[in-house]
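See below for the structure under consideration.
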Amino acid sequence: MMSNKRIQELELVMEFEKVEECFKEVSRWIENVGRKRLKETINLDESLEMLLQTQKQFKEFDLVASEYCKRGQEALKKMNQWEDFSFVDVHSYRVKLQAYEDQLEEFCTQLDETRHRVCETVRLYEFFDKVRQGICCTEEGVKS
């Protein structure tokens with residue numbers, strides 16, 4: 001039994017090392033690219049034309065960011081098997097795993113919020129642009 005337990009621990013550690021490489025890559029991208037790009041979309045008080053350009057650029061970024069989120073989430077699913085083991089020896093790996101999970105969850109949430117904010121801001125600017133055009137057309141009709 002001790003031998004089987006030890007083999008299972010070693011298999012989990014080897015699996016963790018494979019998955020950790022994926023997490024490290026995702027984590028580096030989040031820190032070096034993802035967070036910076038999200039910060040760039042904080043100020044959306046531009047003209048409608050500029051805002052549409054920002055939305056287009058964000059959509060391109062969103063595709064890449066969503067792929068990194070997906071890869072991180074898939075790696076987390078692989079590690080769900082750890083919940084079935086209560087070995088003391090894997091505690092440090094669980095702590096690392098939790099840190100990766102927290103970082104990924106926070107980034108994915110921020111990405112979702114930014115996606116929603118950009119979309120709603122564009123819709124609002126488009127609405128105001130239509131109202132402005134309507135007012136201009138009404139003023140021209142009154143002057144005629």
Side-chain angles (χ1 to χ4, degrees), residues 5-144:
K5 179 181 174 183
R6 217 49 195 148
I7 289 172
Q8 287 177 333
E9 287 177 351
L10 289 173
E11 288 172 350
L12 286 173
V13 169
M14 289 170 39
E15 179 68 21
F16 180 82
E17 288 174 356
K18 289 178 193 174
V19 172
E20 187 176 33
E21 281 306 310
C22 175
F23 279 125
K24 284 181 179 179
E25 181 183 340
V26 170
S27 180
R28 278 191 300 269
W29 186 88
I30 287 172
E31 293 304 318
N32 297 328
V33 178
R35 291 193 195 282
K36 290 177 184 176
R37 290 292 303 270
L38 286 179
K39 287 180 184 177
E40 290 173 5
T41 59
I42 288 176
N43 296 324
L44 296 175
D45 54 348
E46 305 164 347
S47 67
L48 179 58
E49 183 179 310
M50 292 292 291
L51 190 56
L52 290 171
Q53 181 65 28
T54 299
Q55 182 184 37
K56 180 182 174 189
Q57 291 170 351
F58 180 79
K59 283 182 179 182
E60 293 168 3
F61 162 74
D62 188 27
L63 288 173
V64 175
S66 294
E67 184 60 34
Y68 275 96
C69 289
K70 181 180 173 185
R71 287 175 56 201
Q73 290 163 347
E74 287 172 358
L76 282 173
K77 286 179 186 176
K78 289 180 183 177
M79 299 313 297
N80 281 341
Q81 65 181 338
W82 284 44
E83 297 302 318
D84 299 336
F85 297 95
S86 58
F87 306 136
V88 175
D89 294 6
V90 297
H91 177 72
S92 63
Y93 296 102
R94 286 186 180 158
V95 170
K96 284 183 182 181
L97 189 62
Q98 185 63 49
Y100 287 129
E101 185 175 8
D102 292 346
Q103 180 193 36
L104 181 66
E105 185 178 316
E106 177 190 354
F107 177 76
C108 291
T109 299
Q110 289 175 346
L111 181 65
D112 289 341
E113 290 171 354
T114 303
R115 183 184 308 116
H116 179 73
R117 188 169 44 83
V118 168
C119 181
E120 289 300 309
T121 304
V122 167
R123 285 183 51 215
L124 186 61
Y125 271 66
E126 287 173 338
F127 172 77
F128 284 134
D129 193 53
K130 287 178 184 177
V131 169
R132 185 181 53 77
Q133 289 175 3
I135 291 172
C136 290
C137 291
T138 303
E139 288 177 353
E140 286 176 15
V142 170
K143 289 180 183 177
S144 300

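Bear in mind that the values here come from a model prediction, so they are computed numbers and not experimental data.
Ser66 places no side-chain N or O within 3.5 Å of a backbone atom of Leu63 that could act as its donor or acceptor partner. The backbone N or O of Arg28 lies less than 3.5 Å from a partner atom in the side chain of Asn32, making a donor-acceptor pair.
Note: Gln110 CD to Leu38 CG = 6.0 Å, rounded to the nearest 0.5 Å. For the atom pair Glu20 CD and Ser27 OG, the distance stands at 10.0 Å (nearest 0.5 Å). The structure places OG1 of Thr121 at 11.5 Å from CG of Leu48, a figure rounded to the nearest 0.5 Å.
Between Arg117 and Glu120, none of the side-chain N atoms (NZ, or NE/NH1/NH2) sits under 4.0 Å from a carboxylate O, so this pair counts as no salt bridge. Between Glu106 and Arg35, at least one side-chain N (NZ, or NE/NH1/NH2) sits under 4.0 Å from a carboxylate O, which counts as a salt bridge. Looking at Asp129 and Arg132, a side-chain N of the basic residue comes within less than 4.0 Å of a carboxylate O on the acidic one, giving a salt bridge.
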### Task
Step by step, work out the salt bridge (charged side-chain N to carboxylate O under 4.0 Å, His left out) result for Arg37 and Glu40.
CA-CA 5 Å; Arg37 290 292 303 270; Glu40 290 173 5; 3.4 Å; yes
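Residues Cys69 and Leu104 share a closest heavy-atom pair of CA-CD1, 3.9 Å. In plain terms, the two heavy atoms of Glu31 and Lys36 that are nearest each other are O-CE, 4.3 Å. Between Val64 and Trp29, the shortest heavy-atom distance links the atoms CG1-CZ2, 3.8 Å.
At least one side-chain heavy atom of Cys108 sits less than 4.5 Å from a side-chain heavy atom of Gln73. When side chains are defined from C-beta on, Val122 does not count as touching Thr54, because their heavy atoms never get closer than 4.5 Å.
Using the six-membered ring where Trp is involved, Phe23 and Tyr100 have ring planes that are parallel, under 30° apart on the 30 and 60° scheme. Phe107 and Phe61 have perpendicular rings, their planes meeting at more than 60° on a 0 to 90° scale where under 30° would count as parallel.
Shown here is Glu49, whose CD atom has no more than 12 heavy atoms of other residues, nucleotides or ligands within 6.0 Å.
Of the candidates Asp112, Val118, Leu111, Thr114 forms a side-chain contact (heavy atoms from CB on, under 4.5 Å) with just one, namely Val118.
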